[in-house]
Amino acid sequence: MYNAIVIGGRCAGAAVGAHLARRGLRVLVVDRSRFPSDVLSTHFVWPHGASYLNRLGVLDQVRAVTPAHTEVTLVNDGISLRGSVPEELLRNQFRLLHDDDNGITTEYFSVRRHVLDKILVDNAVRAGVEFREGYTVEELLRDEDGTVIGIKGRDGTVEHAQVVIGADGRNSFVARALGVEKFDERPRCTFAYWSYFSGIPDADAQIHRRGRLGMAMASTNDGRTMVLTWGPSEWAARFRADVEGNFHRALGLISEEAAATVAGAQREERFYGTLDQAAYLRQLHGPGWVLVGDAESFKDQCTALGITHALRDAELAAEAVGRWLGGETDRDTAMAGYAAKRRSQTAAAYYDYVCTLAEMKPLRHDELQLFAILRGNQTEIDRFIATHVDVAPVSEFFDPSNVFLLNDTAKESSRDLGAFADFEATYREHQRNPFLLAEAEATR
């Protein structure tokens with residue numbers, strides 16, 4: 001009999017297992033994959049994600065093999081903002097979620113999943129977790145009341161536990177076996193394609209958006225740089241007609257400088273892609289079970305928060321389950337606390353924010369004006385970055401009472417920016433699918 005069985009041993013699963021084992025609980029983590037191995041992922045870890053890794057005790061291992069930075073450049077229709085996530089805002093968030101701010105770091109990095117997941121699995125084993133790789137769960141065991149009490153593997157093994165935790169991703173077996181339906185689904189999302197290039201110097205990450213297209217460049221492991229481009233899902237079919245050609249075409253439309261950098265580099269791997277990033281929520285817990293990570297909620301990759309949120313959810317879930325199994329409180333109270341933090345008004349507002357961004361509509365005049373006004377105000381640039389990556393509340397930054405939004409002098413100084421020249425014509429042009437146009441020209 002285990003205290004907890006975790007199905008899924010990657011970011012969320014290995015992390016929740018380690019946290020529970022450190023509480024003195026007997027934990028089994030199973031995964032159908034073998035490690036190290038890769039998985040489809042944009043693998044970016046923001047400072048709060050790095051802080052969770054530090055709290056797990058693995059940050060130095062990740063940092064030893066992955067370039068780390070603190071400043072990031074965001075470029076919207078040519079308006080460039082460079083800044084970092086403020087330490088105090090990070091501390092505020094951790095105090096709010098966990099009642100302590102231990103292990104905070106302002107670093108971020110882009111770490112490949114075959115690197116990160118293996119580090120997390122090994123860390124969980126050191127913490128006392130029993131780990132079985134190459135293990136496929138065939139059935140969830142339930143008692144006469146429907147409470148989940150264990151698992152049956154495809155190899156015939158049967159294991160029992162006080163709680164089964166589903167950390168098995170978007171296509172969660174646990175959610176499907178229990179009939180846990182998705183809700184608040186947002187089908188409008190992005191498609192994304194990326195690859196890895198050598199010959200690009202290690203540098204701060206840069207994230208660009210122009211019209212309905214986006215791109216990012218981030219240094220990763222083995223001296224390579226991940227280059228990613230994305231756009232609205234309704235353009236995906238035309239993009240796929242010529243992935244390599246449209247990849248470079250998109251870079252040129254977004255940033256000529258970035259396109260030139262990539263053109264002078266050497267692509268070292270094939271192109272990877274994802275077409276369906278529709279957002280959803282699922283019920284967080286029920287009798288004998290809990291969901292964490294992508295199993296319980298998913299958001300588009302456009303803010304690159306999947307790993308960071310998985311690590312957050314793992315610690316929150318472990319705190320709740322640990323209090324219950326440790327006898328500090330009853331199950332219902334513990335899990336209600338977990339749900340309250342995961343489904344707070346702040347979390348709901350950020351879910352809406354990401355889902356709106358994922359529609360990739362061209363930026364409106366007032367949105368561009370906001371970015372123009374931010375120039376030269378480093379405090380507000382940093383606060384915007386913190387808001388964009390879910391460290392500071394969306395509602396606070398975009399509240400009309402935020403004084404910098406009303407700065408008429410700053411508004412006047414933005415009038416000479418190229419983004420505002422012939423705005424209406426440019427806005428209309430941004431709504432046309434450039435890959436459809438390229439296909440039509442190629443067939444003439």
Heavy-atom pair of closest approach, residues [X] and [Y]:
| X | Y | value |
| --- | --- | --- |
| Met1 | Gln162 | SD-N, 4.1 Å |
| Tyr338 | Ala320 | CB-CB, 3.7 Å |
| Leu97 | Leu316 | O-CD2, 3.7 Å |
| Ala177 | Leu140 | CB-CD1, 3.8 Å |
| Val29 | Gly8 | CG1-O, 3.9 Å |
| Leu56 | Arg22 | O-NH2, 2.7 Å |

Tell me, do [X] and [Y] make a side-chain contact under 4.5 Å, heavy atoms counted?
| X | Y | value |
| --- | --- | --- |
| Asn102 | Arg55 | yes |
| Leu53 | Phe109 | yes |
| Val125 | Asn123 | no |
| Tyr193 | Phe239 | yes |
| Leu28 | Val129 | no |
| Ile79 | Leu368 | yes |
| Val164 | Val6 | no |
| Val111 | Thr220 | no |

Full working for side-chain hydrogen bond (donor to acceptor under 3.5 Å, both in side chains) between Asn54 and Thr105: CA-CA 8 Å; Asn54 203 21; Thr105 177; over 6 Å; no

[Y] and [X] side chains, donor-acceptor separation under 3.5 Å:
| X | Y | value |
| --- | --- | --- |
| Thr147 | Asp145 | no |
| Asp300 | Thr190 | yes |
| Lys299 | His309 | yes |
| Asp330 | Thr333 | yes |
| His69 | Asp202 | yes |
| His208 | Gln206 | yes |
| Glu71 | Ser84 | no |

Answer yes when [X] and [Y] have at least one side-chain N-carboxylate O distance shorter than 4.0 Å, and no when they do not.
| X | Y | value |
| --- | --- | --- |
| Lys118 | Asp122 | yes |
| Glu88 | Arg91 | no |
| Asp117 | Arg10 | yes |
| Glu244 | Arg267 | yes |
| Glu269 | Arg112 | yes |
| Glu315 | Lys341 | no |

Residue from Arg331, Glu328, Met335 passing side-chain contact (heavy atoms from CB on, under 4.5 Å) with Arg323: Glu328

Of Ile165, Asp168, Val321, Leu284, the residue whose pairing with Val292 passes side-chain contact (heavy atoms from CB on, under 4.5 Å): Ile165

Hey, what's the ring geometry for [X] with [Y], parallel, tilted or perpendicular (30° and 60° as the breaks)?
| X | Y | value |
| --- | --- | --- |
| His98 | Tyr52 | perpendicular |
| Tyr272 | Trp194 | parallel |
| Tyr353 | His388 | perpendicular |
| Phe35 | Phe131 | perpendicular |

Got a second to check how far [X]'s [atom1] is from [Y]'s [atom2], nearest 0.5 Å?
| X | Y | atom1 | atom2 | answer |
| --- | --- | --- | --- | --- |
| Leu89 | Thr106 | CG | OG1 | 12.0 Å |
| Phe173 | Arg32 | CZ | CZ | 10.5 Å |
| Leu213 | Trp230 | CG | CH2 | 10.0 Å |
| Thr308 | Tyr108 | OG1 | OH | 13.0 Å |

Ring pair (Phe, Tyr, Trp, His ring centres under 6.0 Å) partners for [X], two or more places apart:
| X | answer |
| --- | --- |
| His19 | none |
| His160 | none |
| Tyr135 | none |

Check against salt bridge (Lys or Arg N to Asp or Glu O under 4.0 Å), Arg95 and Asp99: CA-CA 4 Å; Arg95 292 179 197 128; Asp99 298 323; over 6 Å; no

Derivation of the side-chain contact (heavy atoms from CB on, under 4.5 Å) call for Asp31 and Glu133: CA-CA 5 Å; Asp31 197 290; Glu133 59 186 336; 5.5 Å; no

Arg26 NZ/CZ over Tyr2 ring centroid, <6.0 Å and within 45° of normal: yes

NZ or CZ of Arg224 within 45° of Tyr196 ring axis and under 6.0 Å: no

Step-by-step ring pair (Phe, Tyr, Trp, His ring centres under 6.0 Å) determination, Phe384 to Phe371: CA-CA 10 Å; Phe384 169 70; Phe371 296 124; 5.5 Å; yes

Donor-acceptor contact present, side-chain Arg210 to main-chain Val75, <3.5 Å: no

Glu107/Arg63 under salt bridge (Lys or Arg N to Asp or Glu O under 4.0 Å): CA gap, chis, key distance, verdict: CA-CA 10 Å; Glu107 292 176 304; Arg63 188 190 285 131; 2.7 Å; yes

His43 and Ser110: CA distance, side-chain angles, deciding distance, side-chain hydrogen bond (donor to acceptor under 3.5 Å, both in side chains) verdict: CA-CA 6 Å; His43 57 73; Ser110 180; 3.0 Å; yes

Trace of the salt bridge (Lys or Arg N to Asp or Glu O under 4.0 Å) decision for Arg342 with Glu296: CA-CA 10 Å; Arg342 287 294 297 110; Glu296 65 90 5; 2.4 Å; yes

[X] atom [atom1], over 12 foreign heavy atoms within 6.0 Å:
| X | atom1 | result |
| --- | --- | --- |
| Lys361 | NZ | no |
| Arg132 | CZ | yes |
| Arg126 | CZ | yes |

Evaluation steps, side-chain contact (heavy atoms from CB on, under 4.5 Å), between Ser41 and Arg113: CA-CA 7 Å; Ser41 173; Arg113 293 297 297 273; 3.4 Å; yes

